[in-house]
Amino acid sequence: MAVPDMPPLTARRPQRARRRALITGAIGALGLITALATAIPAVAAESTLGAAAAQSGRYFGTAIASGKLGDSAYTTIANREFNMVTAENEMKIDATEPNRGQFNFSAGDRVYNWAVQNGKRVRGHTLAWHNQQPGWMQQLSGSTLRQAMINHINGVMNHYKGKIYAWDVVNEAYADGNSGGRRDSNLQRTGNDWIEVAFRTARAADPAAKLCYNDYNIDNWSWAKTQGVYNMVRDFKSRGVPIDCVGLQSHFNGNSPYNSNYRTTIQSFAALGVDVQITELDIQGGSATTYANVVNDCLAVPRCTGITVWGVRDTDSWLGSGASALLFDGNGNKKAAYTAVLNALNGGTTTPPPGGGDEGQIRSSASGRCVDVTNAGTADGTAVQLWDCNGQSNQQWEQTSSGELRVYGNKCLDAAGSGNGARIQIYSCWGGDNQKWRVNSDGTIVGVQSGLCLDAVGGGTGNGTGLQLYSCWGGSNQKWTYTA
């Protein structure tokens, strides 16, 4: 029987525009409202969750159980609606290493293969956890257990190297209640640095995967558990421990209800320089209003990069069909919560890409200078800079419906990395997320792959100032206007 990722519910949880601003910049409040109302053309509403989320560069995913892939009703909904997949149990410790040193990826591969064959990305779940450990691991302790954890992370990540979008490296390591401290577990008893060791091991095993800490009951900003995890992430970022995202499981119920400070929680983690992913969303009772609130809170924070619901239909939920916690009923019918989520995604606060066709200049609000391809170069890897606006072809950018910013017709604005300081260049368009950008109503341009902002290096304003990716902080060197 599958074991859920959280304790029983009785536990207290405590297109474009001509001659108008497309990207709003340094204009007055009234002008901002007017510009947004007139400059950004309407985008046709999408009819599925994944497509609607993709308008703002996000994903909308679900948990998939390998044993249900033979259910055509199940797979039809999953394939149609979602663009990210998490294996419900098939990539956990007991499934992937049932015997010490002997790995079994048959069930995990079945989920993975179904996902990629249907054009979906995959989140890995989970590498280090006190629960669902095989019997052999439960019998270990101390340095022997520590090494077994390291070996497990390496074994699983090496198998899926380069294939997994993000891994829940460590799961549920903090205690419930008011301590704000770590959970007592066999892994914790190997030493307080075990989480750091897990993340460093994971980075070395697969540098391309985003590395996440995942937990339940860290949704309410006022709770001690939330603050404990926040302090850990802040410490990790300050010391260079590799962590890229925080997963909010967001299992909402009577003991752990949605709170209006949820957006504050998302914003606060994002401000540390990590992505936030809503990883296991379900809402007992299926309140359409609460589902819409959760989606809108994510849309309001650029670094909230996606949402996963923990199951397809109510009958697939680990809570049982009576909890009515998901977006489809047991017969596969769309519930009111589904409509609320889809409407929120289609009307989100992040401006979707406006399409393509018109070319225009992207002008820095801080300097008034334009995004310019250095020396009008056309070679892959040519740097992009600020330069006096002159209307030449190396300053003419077209935004496509897929979120690219093209110059010369076939070269894309391209991030040469995904971390702070990553160089911005042009490169032949190939469809990668490092060439896709979210154009936001606050004037920022955010990389889809990184969640970081297009930034003038060092706050520079002069000719030749380079461009880079950098954590979004609201500075005028990260604000842009577009004129066609």
Side-chain angles (χ1 to χ4, degrees), residues 1-14 63 86-97 123-134 137-138 145-146 148-149 152-153 156 166-199 201-202 210-221 223-233 235-236 241 243-253 255-256 265 269 274 276-282 308-311 317-319:
M1 179 180 293
V3 179
D5 280 11
M6 54 187 290
L9 297 178
T10 53
R12 184 187 184 280
R13 301 201 162 175
T86 303
E88 190 167 356
N89 288 288
E90 291 80 357
M91 294 186 185
K92 292 175 181 174
I93 309 169
D94 55 352
T96 52
E97 196 178 359
R123 294 188 79 260
H125 176 80
T126 179
L127 296 169
W129 188 25
H130 69 279
N131 209 338
Q132 284 185 252
Q133 294 180 0
M137 182 174 280
Q138 296 175 36
L145 175 60
R146 173 71 65 90
M149 177 194 75
H152 179 80
I153 293 171
V156 175
W167 274 104
D168 293 330
V169 177
V170 173
N171 200 45
E172 301 176 1
Y174 274 74
D176 293 312
N178 298 318
S179 73
R182 300 279 186 88
R183 177 191 300 274
D184 179 35
S185 70
N186 60 349
L187 290 169
Q188 179 63 27
R189 290 191 292 273
T190 69
N192 202 53
D193 64 337
W194 75 273
I195 300 178
E196 177 176 343
V197 169
F199 275 90
T201 302
K210 287 184 176 291
L211 308 182
C212 307
Y213 176 80
N214 191 56
D215 216 328
Y216 67 91
N217 281 357
I218 59 170
D219 313 292
N220 189 319
W221 181 242
W223 284 1
K225 185 174 181 179
T226 309
Q227 295 300 310
V229 174
Y230 175 85
N231 289 333
M232 177 190 72
V233 176
D235 171 61
F236 280 10
V241 178
I243 183 169
D244 304 307
C245 49
V246 172
L248 308 181
Q249 290 186 14
S250 300
H251 294 288
F252 291 120
N253 56 72
N255 294 318
S256 177
T265 303
F269 278 113
V274 294
V276 178
Q277 298 172 7
I278 300 171
T279 56
E280 303 181 23
L281 177 64
D282 48 36
T308 295
V309 289
W310 204 243
S317 171
W318 69 279
L319 294 168

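- Between the side chain of R146 and the main chain of T190, a donor-acceptor pair closer than 3.5 Å is present.
- The main-chain N or O of E88 is found under 3.5 Å from a side-chain atom of E90 such that the two form a donor-acceptor pair.
- Side-chain contact between N171 and Q249: present, with at least one pair of heavy atoms (C-beta onward) separated by less than 4.5 Å.
- In this structure, the side chain to side chain donor-acceptor pair (under 3.5 Å) partners of N186, at least two apart in sequence or on a different chain, are Q133.
- No side-chain heavy atom of L248 sits under 4.5 Å from any side-chain heavy atom of Y216.
- Between D94 and Q132 there is a side-chain heavy-atom pair separated by less than 4.5 Å.
- Side chain of T226 to main chain of N220: a donor-acceptor pair is present (N/O by atom type, distance under 3.5 Å, no hydrogens or angles).
- With sequence neighbours excluded, the residues forming a salt bridge (charged side-chain N to carboxylate O under 4.0 Å, His left out) with E196 are R200, R239, listed by chain and number.
- The distance from the NE2 atom of H251 to the CG atom of N217 is 9.5 Å, given to the nearest 0.5 Å.
- Between the side chain of S179 and the main chain of G181, a donor-acceptor pair closer than 3.5 Å is present.
- Heavy atoms only, all atoms of each residue included: L187 and A128 are closest at CD1-C, 4.3 Å.
- Residues satisfying the salt bridge (charged side-chain N to carboxylate O under 4.0 Å, His left out) test with R182, not counting sequence neighbours, are none.
- Under the 4.5 Å side-chain criterion, counting only non-hydrogen atoms from C-beta, I218 is in contact with V229.
- T265 meets the side chain to side chain donor-acceptor pair (under 3.5 Å) test with no other residue; sequence neighbours excluded.
- Under the salt bridge (charged side-chain N to carboxylate O under 4.0 Å, His left out) criterion, D215 pairs with K225, sequence neighbours left out.
- No side-chain heavy atom of D168 sits under 4.5 Å from any side-chain heavy atom of W129.
- A donor-acceptor distance shorter than 3.5 angstrom exists from the side chain of Y213 to the backbone of A173, with no hydrogens or angles considered.
- The backbone N or O of K92 lies less than 3.5 Å from no partner atom in the side chain of T126, so there is not a single donor-acceptor pair.
- Inspection of the D282 and W318 side chains reveals an N or O donor paired with an N or O acceptor under 3.5 Å.
- Considering only heavy atoms from C-beta on, T279 stays 4.5 Å or farther from H125 through its side chain.
- Closest non-hydrogen pair, H130 versus S185, comes out as CB-CB, 3.6 Å.
- Within the 4.5 Å cutoff, the side chain of L127 has heavy atoms near those of the W167 side chain.
- Between N214 and G247 the shortest heavy-atom distance is OD1-O, 3.4 Å.
- Residues that satisfy the side chain to side chain donor-acceptor pair (under 3.5 Å) test with W194, not counting sequence neighbours, are Q188.
- With N231 contributing its side chain and Q227 its backbone, the two residues share a donor-acceptor pair below 3.5 Å.
- In terms of heavy-atom proximity, C212 sits nearest to R123 at SG-NH2, 3.8 Å.
- A pairwise comparison of heavy atoms in S250 and D219 identifies OG-OD1, 2.9 Å as the closest pair.
- Between I93 and V156 there is no side-chain heavy-atom pair separated by less than 4.5 Å.
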